[in-house]
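Below is one structure, written out as structure tokens, with a few remarks after it.
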Amino acid sequence: MSSSEKVHVIQEYSSKEDASTEAMTEEGMQATGRDMSKVALIISILAVVLVVVLFFGLNQNLDGIGKEVKVLSGLKGEVTAMKAQVGGIEGQIAGINDQVGVMEQQISKMPVAMQRAIITDAINDATNKLGYIGSQLDKEQAAKLGQAMNLLQQVRTDINQ
């Protein structure tokens, strides 16, 4: 080998290197561009699938909420009806309280003998009702009612004395 063969010109070497580098860069860019387009395509497909899943999920949730709103509106009507019934019952209770007040005033104006007769009659009525109830119950409960009837009879005798 001669000495001229051993000497390499830097310009020749760098131009060969630049040409090979440019070829590799172009090939790399094309390959990378193809790879990135595949990745972008996959990401866009996944995004579309995600949007579809979210859409149908939200659609079902909205349908469920719509049904619950219908049920709640029905309950609102029932609550309104119940309020009307409660108002009617409160009116009846107020009327009964008024009647009781009037009766108390009438009883307070009656002579004492008449008041005792009314109370005695009410005690007799309660005793008769307890006797009927006692006949419908078992022996233990009937015995307890019998004690209550005895107490009522004692009160009746005390009032009549």
### Message
For Q136, I'd like to know if atom CD has over 12 heavy atoms of other residues, nucleotides or ligands within 6.0 Å.
### Response
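Above 12, so yes.
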Does [X] belong to the same Ile/Leu/Val/Met/Phe/Trp/Tyr cluster as [Y], with side-chain heavy atoms less than 4.5 Å apart forming each link?
| X | Y | answer |
| --- | --- | --- |
| L151 | L145 | no |
| V52 | F55 | yes |
| I119 | M103 | no |

### Summary
Closest non-hydrogen contact found for A142 with G134 is CB-O, 3.6 Å
### Query
Looking at Q153 and T127, what are the two nearest heavy atoms and their distance?
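Here Q153 and T127 meet closest at NE2-CG2, 4.0 Å.
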### Task
Show your working on side chain to side chain contact (heavy atoms under 4.5 Å, CB included) between L50 and L46 and close with a plain yes or no.
CA-CA 6 Å; L50 180 65; L46 289 175; over 6 Å; no
Would you give the length of the straight line joining atom [atom1] of [X] to atom [atom2] of [Y], rounded to the nearest 0.5 angstrom?
| X | Y | atom1 | atom2 | result |
| --- | --- | --- | --- | --- |
| I65 | K67 | CD1 | NZ | 12.0 Å |
| I118 | I123 | CD1 | CD1 | 12.5 Å |
| R156 | I159 | CZ | CD1 | 9.5 Å |

### Message
Could you work out, with side-chain hydrogen bond (donor to acceptor under 3.5 Å, both in side chains) as the rule, every residue matching T120, not counting sequence neighbours?
### Response
N160
### Message
Checking E78 against L75 for the side chain to side chain contact (heavy atoms under 4.5 Å, CB included) test, could you report, in this order, the C-alpha distance in whole Å, the side-chain angles of both residues, the deciding distance, and whether it holds?
### Response
CA-CA 5 Å; E78 290 178 15; L75 289 176; 3.8 Å; yes
